[in-house]
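Read through the structure below, which is laid out as structure tokens, and then see the notes.
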Amino acid sequence: MTAILIISSIIGACYAGLISLFTYGWFKNKPVACSSKTPNTKVSVIVPFRNEKENMLALLQSLSEQNFPSDLLEVLLVDDHSGDDSSEISKAFICKNEIKNFKLLSLSDADGFSKKAALKKGIEHSCGTLIITTDADCIFKKNWILTIVNYYEHKKCRLISAPVVSDSNKGFFSKLQAFEFLSLVASGAGAMSAGKPIMVNGANLCFERTLYNELNGYNTHESYASGDDVFFLFEAKSHGKDKNGLCFLKDPESIVITKGPRDLKEFIHQRIRWASKSTAYKDTLAVSTALIIFLFNLSIPVLLLCSIFNCWFTVMAAILFAVKLIIDFPLLFSAARFVGRPELIWYYFPMQLIYPIYVTTTAVLSFFMKFEWKGRKLRK
């Protein structure tokens with residue numbers, strides 16, 4: 001019994017230290033007063049898509065309204081073998097609005113069948129100094145690209161991660177998963193701002209084209225269906241000598257809004273997809289982070305089960321849960337206010353109750369269960 005309590009205490013201390021690091025990084029990252037001068041950097045926005053007919057018009061409208069010089073911007077839409085009218089909708093929009101700097105590309109069988117193949121083709125056909133990747137189910141503020149470019153020209157970061165917020169207008173489940181998603185974004189932002197990057201989101205990621213070429217693109221992890229963003233980060237992290245070259249842009253104007261999972265099944269499959277690539281992580285900090293979070297969340301239900309043998313296990317479970325409640329709150333409260341969703345903090349306690357079971361379940365299922373993504377069944 002004593003050994004279990006000691007191990008649980010160590011895991012709890014590691015978790016508290018980890019979240020404290022993320023919180024320190026989050027609050028350390030102060031808004032930068034970027035120059036308002038006219039940008040001079042050529043930008044290529046790459047949007048891979050597959051079966052996105054419901055989202056294409058909103059995406060294209062949002063991109064076409066960007067407050068950025070058209071002669072410095074190109075948007076490349078890359079169709080990953082869609083089986084719906086996504087491409088036709090895109091063609092019609094581009095033609096109707098006579099948008100000369102939007103291009104539509106399609107993957108051939110020889111190109112491959114994946115998001116990474118679509119990104120690769122888009123980048124190969126682009127001419128921008130900066131590459132910005134996003135997803136087809138996203139919408140943007142009008143100064144999204146301008147904010148990123150101004151930040152780049154001011155800070156000269158080789159890779160810039162920016163915030164992504166899940167749409168949360170569909171009831172309790174939507175808001176709960178939006179808050180859980182926000183916790184991931186805030187943790188990744190805090191870690192990067194503390195000089196310990198472990199996570200980015202490809203829905204709002206910017207990098208220099210020269211960096212992409214130096215890292216040989218996505219070739220080191222093409223066998224994984226997802227992870228174009230995080231594996232690229234790990235490569236950049238190991239490649240770069242200057243930690244200041246990897247930055248998180250903490251500016252409300254840079255926020256991207258994405259659609260969350262429509263139901264519980266889609267949510268579980270998304271989280272299993274994300275967890276499935278963790279076995280391929282070679283970054284020590286990322287592996288340690290995943291392990292600490294898994295063990296900490298596993299400890300609480302295990303201790304509660306063991307409490308039938310001794311009441312001290314109940315006490316330890318309560319202590320760990322209290323630690324989680326206290327240590328998580330400052331980061332998540334600040335993040336909710338930053339993204340303009342302070343109402344999400346009302347879902348803090350329900351999420352804390354569900355999180356230990358959800359994390360352990362999805363982590364275990366990721367080893368055995370196939371997931372569905374864009375109409376494809378995949379293992380990893």
Heavy-atom pair of closest approach, residues Ser106 and Ser87: OG-OG, 4.4 Å
Stepwise side-chain contact (heavy atoms from CB on, under 4.5 Å) test for Trp144 and Asn204: CA-CA 10 Å; Trp144 171 56; Asn204 201 1; 2.9 Å; yes
Steps toward side chain to side chain donor-acceptor pair (under 3.5 Å) verdict (Thr147, Asn150): CA-CA 5 Å; Thr147 302; Asn150 279 342; over 6 Å; no
Leu57-Val47 co-clustered via ILVMFWY side chain contacts under 4.5 Å: yes
side-chain contact (heavy atoms from CB on, under 4.5 Å) evaluation trace for Val185 with Val165: CA-CA 8 Å; Val185 172; Val165 178; over 6 Å; no
Within-4.5 Å side-chain heavy-atom neighbours: Phe248 and Val200: no
Chi angles and distances behind the side chain to side chain donor-acceptor pair (under 3.5 Å) call for Arg50, Ser86: CA-CA 8 Å; Arg50 173 176 166 81; Ser86 300; over 6 Å; no
Val315 reachable from Ile326 in the ILVMFWY side-chain graph, under 4.5 Å edges: no
Please list every donor-acceptor pair under 3.5 Å in which a side-chain atom of residues 316-324 meets a protein atom from a residue at least two apart or in another chain.
{"residue": "Lys324", "atom": "NZ", "partner": "Tyr15", "partner atom": "OH", "Å": "3.1"}
{"residue": "Lys324", "atom": "NZ", "partner": "Asp328", "partner atom": "OD2", "Å": "2.9"}

Six-ring centre of Tyr152, Lys156 cation under 6.0 angstrom, axis tolerance 45°: yes
Closest non-hydrogen atom pair between Trp26 and Ala335, with its separation: CZ2-CA, 3.6 Å
Approximate separation, where rounding is to 0.5 Å, of Ile94 CD1 and Leu77 CG: 5.5 Å
Reported OG-to-CG distance for the pair Ser161 and Leu233, which is rounded to 0.5 angstrom: 8.0 Å
Tyr24 OH: over 12 foreign heavy atoms closer than 6.0 Å: no
Heavy-atom closest pair, residues Leu215 and Glu235: CD2-O, 3.6 Å
Non-hydrogen side-chain atoms of Leu59 and Phe49 separated by less than 4.5 Å: no
Taking every non-hydrogen atom, the tightest pair across Pro252 and Lys141: O-NZ, 3.0 Å
Asp111 and Ser108: side chain donor to acceptor below 3.5 Å: yes
Neighbour count >12 (heavy atoms, 6.0 Å) for atom CD1, Ile354: yes
Met351 with Leu353, same ILVMFWY side-chain cluster at under 4.5 Å: yes
Side chains of Ser82 and Asp79, donor plus acceptor under 3.5 Å: yes
Shortest non-hydrogen contact from Leu344 toward Lys175: CD2-O, 3.7 Å
SB check Asp135 Lys115 (cutoff 4.0 Å): yes
Test log, rule side-chain contact (heavy atoms from CB on, under 4.5 Å), inputs Val164 and Phe181: CA-CA 9 Å; Val164 181; Phe181 183 74; 3.8 Å; yes
Leu332 reachable from Leu325 in the ILVMFWY side-chain graph, under 4.5 Å edges: yes
Considering all heavy atoms, the nearest Thr360-Ile357 contact: OG1-O, 3.1 Å
Non-hydrogen side-chain atoms of Glu180 and Leu176 separated by less than 4.5 Å: no
Any side-chain heavy-atom pair of Ile160 and Phe207 under 4.5 Å: no
Within residues 53-78 or reaching into it, pairs that qualify as salt bridge (charged side-chain N to carboxylate O under 4.0 Å, His left out) - sequence neighbours excluded: Glu74-Lys103
Audit row: Asp167, Ser174, side-chain contact (heavy atoms from CB on, under 4.5 Å) steps and yes/no: CA-CA 8 Å; Asp167 187 6; Ser174 173; 5.8 Å; no
Heavy-atom check, side chain of Ile6 versus side chain of Ile10, under 4.5 Å: yes
Rounded distance [0.5 Å steps], CG in Leu205 versus CD1 in Ile132: 9.5 Å
Same apolar cluster (I L V M F W Y, side chains within < 4.5 Å links), Leu331/Phe27: yes
Stepwise side chain to side chain donor-acceptor pair (under 3.5 Å) test for Ser126 and Arg209: CA-CA 9 Å; Ser126 68; Arg209 185 188 188 87; 2.5 Å; yes
Atom pair CG (Asp84) and CG (Asn51), whose distance is rounded to the nearest 0.5 Å: 4.5 Å
Side chain proximity check, Phe93 to Met56, heavy atoms < 4.5 angstrom: no
4.5 Å side-chain heavy-atom contact, Leu146 and Gln66: no
Check: Cys247 and Tyr151 side chains under 4.5 Å, non-hydrogen atoms: yes
Spacing of Leu73 atom CG and Ile145 atom CD1 [to the nearest 0.5 Å]: 4.5 Å
